[in-house]
Amino acid sequence: MDIRELLSGLTGAQRVYGEPYERDGITVIPASVIRGGGGFGNGNGELGSGEGGGGGINGRPIGAYVIKDGEVRWEPALDVGRLVLGGQLLVALLALLAFRLLRRRK
């Protein structure tokens with residue numbers, strides 16, 4: 001398999017949107033975000049020659065389109081991990097600001 005075949009299999013609407021499913025007159029089309037990256041290397045320094053390469057792909061759900069009675073609405077997915085991380089960053093920032101204010105008062 002060459003790189004073009006690999007990339008064509010990883011891209012496209014079929015990788016971002018899931019198969020629609022219907023229940024009780026409501027159609028749901030799930031959606032996700034796909035990210036990928038790669039790297040390659042080469043070398044011929046004093047120790048000899050070298051090669052290298054690597055890559056990765058990541059996907060996560062972001063929500064779904066919900067179709068009911070001919071109307072479409074977007075329902076975002078709740079990413080609890082991001083909410084927790086955002087809260088932790090906010091607490092750390094507030095703690096840093098409080099620490100700076102206390103040091104200035106001395």
Side-chain angles (χ1 to χ4, degrees):
M1 174 184 291
D2 73 352
I3 192 72
R4 280 176 255 155
E5 287 180 62
L6 178 64
L7 289 176
S8 70
L10 296 175
T11 60
Q14 70 274 16
R15 299 292 178 216
V16 176
Y17 298 104
E19 287 293 320
Y21 59 92
E22 183 178 348
R23 183 169 291 161
D24 299 328
I26 299 172
T27 302
V28 176
I29 305 171
S32 60
V33 63
I34 308 292
R35 293 189 178 119
F40 301 94
N42 191 6
N44 53 9
E46 295 177 19
L47 298 176
S49 63
E51 306 229 357
I57 189 162
N58 179 324
R60 67 177 179 83
I62 58 170
Y65 288 103
V66 178
I67 305 169
K68 181 179 178 184
D69 299 328
E71 293 188 20
V72 180
R73 74 177 189 275
W74 173 253
E75 291 289 331
L78 179 62
D79 190 345
V80 177
R82 279 191 175 198
L83 288 175
V84 169
L85 179 62
Q88 290 172 337
L89 291 173
L90 180 61
V91 168
L93 179 64
L94 291 174
L96 180 63
L97 290 174
F99 179 74
R100 287 184 69 188
L101 284 173
L102 289 174
R103 283 194 70 180
R104 284 186 180 177
R105 287 188 176 181
K106 287 184 179 182

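The other members of the hydrophobic cluster of Leu97, by chain and number, are Leu93 (side-chain heavy atoms under 4.5 Å, ILVMFWY only).
Taken from CD1 in Ile62 to CG in Leu78, the straight-line distance is 14.0 Å, to the nearest 0.5 Å.
Side-chain heavy atoms closer than 4.5 Å link hydrophobic residues (I, L, V, M, F, W, Y) into clusters, and following such links, possibly through other members, connects Ile67 to Tyr17. At a threshold of 4.5 Å between side-chain heavy atoms, the hydrophobic network of Ile, Leu, Val, Met, Phe, Trp and Tyr places Ile29 and Val33 in one connected group.
Closest non-hydrogen pair, Pro30 versus Ala64, comes out as CA-CB, 3.9 Å. Taking both residues in full, the closest heavy atoms of Pro20 and Thr27 are given as CB-CG2, 4.2 Å, listed atom of the first, atom of the second, then distance. Minimum heavy-atom separation, Ala77 to Pro61: CB-O, 4.0 Å.
For residues 63-74, the pairs satisfying side chain to side chain donor-acceptor pair (under 3.5 Å) are Arg73-Glu75, with sequence neighbours left out.
Residues meeting the side chain to side chain contact (heavy atoms under 4.5 Å, CB included) test with Leu96, sequence neighbours left out: none.
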